[in-house]
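Contents: one structure, followed by commentary.
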Amino acid sequence: MNLDLFSAKTKQYTGFALMLLFLMLVTPWAYMHFNQEEVLWRKGQQSFAQGDYEQAAAYYSRALEKGKISYMLLDRLGDSSLATGRPDQARDAFEVLRQRYPDDARVLLKLARAYWSINDSGQALELVDQALELRSDWEYALFLRAQILTSQGRFEEAINIYYRILGEE
Amino acid sequence: MKIFILFIFSAAVFFFAGSVQAEDSPGDFLMQQERVSPEFKDEIEDWQARLELARLLSYVQRYDEAIDQYHRVLDEKPDLVQARLELARVYYWTDEIDKAREMFASVPEDKITGEARLELGEIYAMLEQYDRAADIYREYLQDNPRQDEARFKLARVLSWKGDYEASIQEYERVLESRPGDNQVRRHYAQVLMWAERYDEAIEQMEKTLESR
């Protein structure tokens with residue numbers, strides 16, 4: 001091809017267009033290569049939003065392995081793990097969160113659910129009580145407390161809590 | 001040269017714009033939590049607490065209170081199949097057979113899905129229709145193979161109908177995932193006794209005592 005047939009401007013714009021094309025192809029690759037944890041996290045979020053907790057947990061775990069760590073990642077990993085019947089994994093995720101946010105009642109309650117799911121109702125109850133110290137009127141915490149007490153055979157205490165939630169003490 | 005600088009600049013913008021970190025604090029997170037979260041809420045609806053209360057009252061044999069609470073649940077949620085089936089079961093327990101049948105008949109079987117099928121299985125078991133109950137549990141377990149409670153119920157029903165070997169297999173599967181569950185292990189030991197496998201039954205009973 002004889003390049004002299006093209007004006008300098010044409011060659012300049014053609015070069016620019018080729019570079020842009022190159023950029024369009026290479027940038028996504030580079031982004032995914034150097035930000036794998038971010039990509040995995042976002043894929044996890046997509047799966048989570050679609051209710052595919054199995055897949056979400058897998059993406060979140062890999063994002064964690066790649067070094068991403070955040071409140072939301074650990075929380076979502078814990079939730080997905082609980083939803084897919086992996087309470088051990090959920091407990092580990094929520095334990096890390098508790099260390100980072102010890103006064104977060106929500107984390108305490110989720111951790112309680114994880115412990116309860118692995119049949120450690122004593123630890124679960126302790127965590128629920130800690131959450132209730134932070135938010136004494138939290139209905140969900142009271143509800144979970146009643147459920148744990150039921151599993152321990154402490155039926156009368158649980159019944160009283162349900163009546164309390166219903167305002168029929 | 002200008003084009004080259006522009007190229008480098010564009011690449012940097014493309015690359016870093018995408019890698020801006022998303023939310024990373026509980027505050028930001030809580031704002032997003034409402035969008036998607038499996039079964040985790042701040043508030044409990046009255047009917048949910050009332051249903052749990054009704055169940056519990058029935059367990060402790062405060063049947064009149066339980067029946068009252070079930071009716072109040074159904075006032076709020078008339079289509080709640082689970083509550084209808086549980087109420088039917090309580091009526092059976094209190095020998096109010098006509099009311100039980102009426103309540104049971106108010107729920108077409110094809111409308112009973114998910115967890116409510118377990119309740120249906122319980123009712124068939126109570127009516128000593130063990131084959132029907134076992135079929136229901138098996139169907140449920142096809143979709144929920146990791147549901148230990150349903151498998152436990154299946155194991156019990158199989159033992160009641162005298163199919164000890166099948167029952168033992170189901171108990172063993174439950175104990176694989178819940179080795180520390182003494183309640184299940186005691187039932188398992190009982191079935192081993194019925195199957196005249198006394199040595200294994202003793203071994204299992206000893207395990208329940210060791211872990212106390």
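Just so it is clear: chains get the letters A, B, ... in the order the sequence lines come, proteins before strands, and each one is counted from 1.
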Heavy-atom closest pair (A:Asn119 atom, B:Arg178 atom, distance to 0.1 Å) is OD1-NH2, 4.1 Å

Residues in residues 85-94 of chain A that sit under 4.5 Å from chain B, counting heavy atoms only: A:Gly85, A:Arg86

Distance check, rounded to the nearest 0.5 Å: A:Thr150 atom OG1 versus B:Leu53 atom CG? 9.5 Å

Summary of salt bridge (Lys or Arg N to Asp or Glu O under 4.0 Å) pairs that have at least one residue in residues 49-63 of chain B, sequence neighbours excluded: A:Glu156-B:Arg62, A:Glu168-B:Arg50, B:Glu52-B:Arg55, B:Arg55-B:Glu86, B:Arg62-B:Glu65

Tell me whether B:Asp75 at atom CG has more than 12 heavy atoms from other residues, nucleotides or ligands lying less than 6.0 Å away. yes

A:Gln152 CD: over 12 foreign heavy atoms closer than 6.0 Å: yes

Would you give the length of the straight line joining atom CD1 of A:Ile165 to atom CD of B:Glu45, rounded to the nearest 0.5 angstrom? 13.0 Å

To the nearest 0.5 Å, tell me how far B:Arg72 CZ sits from A:Leu166 CG. 7.5 Å

Side chain, backbone, both or neither: which part of A:Phe143 has an atom under 4.5 Å from a heavy atom of chain B? side chain

With rounding to the nearest 0.5 Å, note down the distance linking OH in A:Tyr163 to CG in B:Leu56. 10.0 Å

